[in-house]
Amino acid sequence: MSSNTRVADSFKTPVANYQLDTTTNDASVTIPWASRCISIYSRDKQHRWNVNAASASNTHFMAQDERLLIRMPDNDGQDIKLHARVNGTGTGSLEITAYAEDS
């Protein structure tokens, strides 16, 4: 494989794992810009999430046990804050895996 060949996103190299414990209040985790390809898994509850701004009842929705594979916005090379909250009542968590951008 040549050095210019990129591997498909689903096969990127994992570089960091985060767990974001959530309640009905906004919580956030900082993800380094270099690891902006991420997998988010919504454990225990439905969630609302947002990037670089507080999560609210009208932000992005994730069903319980749903997994998203996303590439976070460029953000001018700055770290990214992923915000989330439980959509409803109680507590939950998001499991986040960050991947090397050019793996």
Side-chain angles (χ1 to χ4, degrees):
M1 186 181 295
S2 81
S3 61
N4 293 330
T5 303
R6 290 181 143 180
V7 177
D9 285 352
S10 60
F11 299 102
K12 287 188 173 290
T13 305
V15 294
N17 295 298
Y18 307 91
Q19 181 170 316
L20 181 56
D21 294 323
T22 55
T23 66
T24 55
N25 296 316
D26 180 66
S28 66
V29 63
T30 300
I31 299 171
W33 180 84
S35 303
R36 65 192 175 120
C37 292
I38 62 172
S39 165
I40 308 170
Y41 178 70
S42 179
R43 180 173 301 286
D44 308 319
K45 296 283 186 179
Q46 297 176 348
H47 285 89
R48 294 287 182 166
W49 63 277
N50 207 5
V51 177
N52 291 333
S55 57
S57 61
N58 61 349
T59 56
H60 305 291
F61 174 81
M62 282 188 74
Q64 181 177 339
D65 298 324
E66 182 178 8
R67 180 179 302 278
L68 297 176
L69 301 173
I70 62 174
R71 183 176 178 172
M72 303 290 264
D74 184 294
N75 206 38
D76 294 324
Q78 301 299 309
D79 291 347
I80 296 158
K81 281 213 177 229
L82 179 68
H83 293 257
R85 69 175 61 217
V86 169
N87 185 50
T89 61
T91 61
S93 63
L94 292 180
E95 295 177 2
I96 303 157
T97 303
Y99 298 89
E101 178 70 16
D102 289 323
S103 61

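No side-chain N or O of Asn17 forms a donor-acceptor pair with one of Gln19 less than 3.5 Å apart.
Remark: side-chain polar atoms of Asp74 are paired, donor with acceptor, to backbone N or O of Asp76 under 3.5 angstrom. Looking only at distances, a side-chain donor or acceptor of Lys45 sits under 3.5 Å from a matching main-chain atom of Thr89. In this structure a side-chain-to-backbone donor-acceptor pair under 3.5 Å is missing from Arg43 to Ser93. Between the side chain of Ser42 and the backbone N or O of Glu66, no donor-acceptor pair lies under 3.5 Å.
The heavy-atom pair separating Leu69 from Ser39 by the smallest distance is CD2-CB, 3.5 Å. Closest approach of Ser35 to Val15, counting heavy atoms only: OG-CG2, 3.3 Å.
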Item to complete: Before giving the answer on side-chain contact (heavy atoms from CB on, under 4.5 Å), spell out for Asn87 and His47 the whole-Å C-alpha distance, their side-chain angles and the decisive distance to 0.1 Å.
Response: CA-CA 5 Å; Asn87 185 50; His47 285 89; 5.7 Å; no
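Under the rule for a salt bridge (charged side-chain N to carboxylate O under 4.0 Å, His left out), Arg67 has no partner lying at least two apart in sequence or in another chain. By the salt bridge (charged side-chain N to carboxylate O under 4.0 Å, His left out) test, Arg36 is found to be paired with Glu101, residues two or more places apart in sequence or in another chain being considered.
By the 4.5 Å side-chain criterion applied to Ile, Leu, Val, Met, Phe, Trp and Tyr, Ile31 is assigned to a cluster that also includes Tyr18, Leu20, Val29, Trp33, Ile38, Ile40, Trp49, Val51, Met62, Leu68, Ile70, Met72, Ile80, Leu82, Leu94, Ile96.
Tested against Ser55 for a side chain to side chain donor-acceptor pair (under 3.5 Å), the candidates Asn50, Asp26, Asn25 yield a single pass: Asp26.
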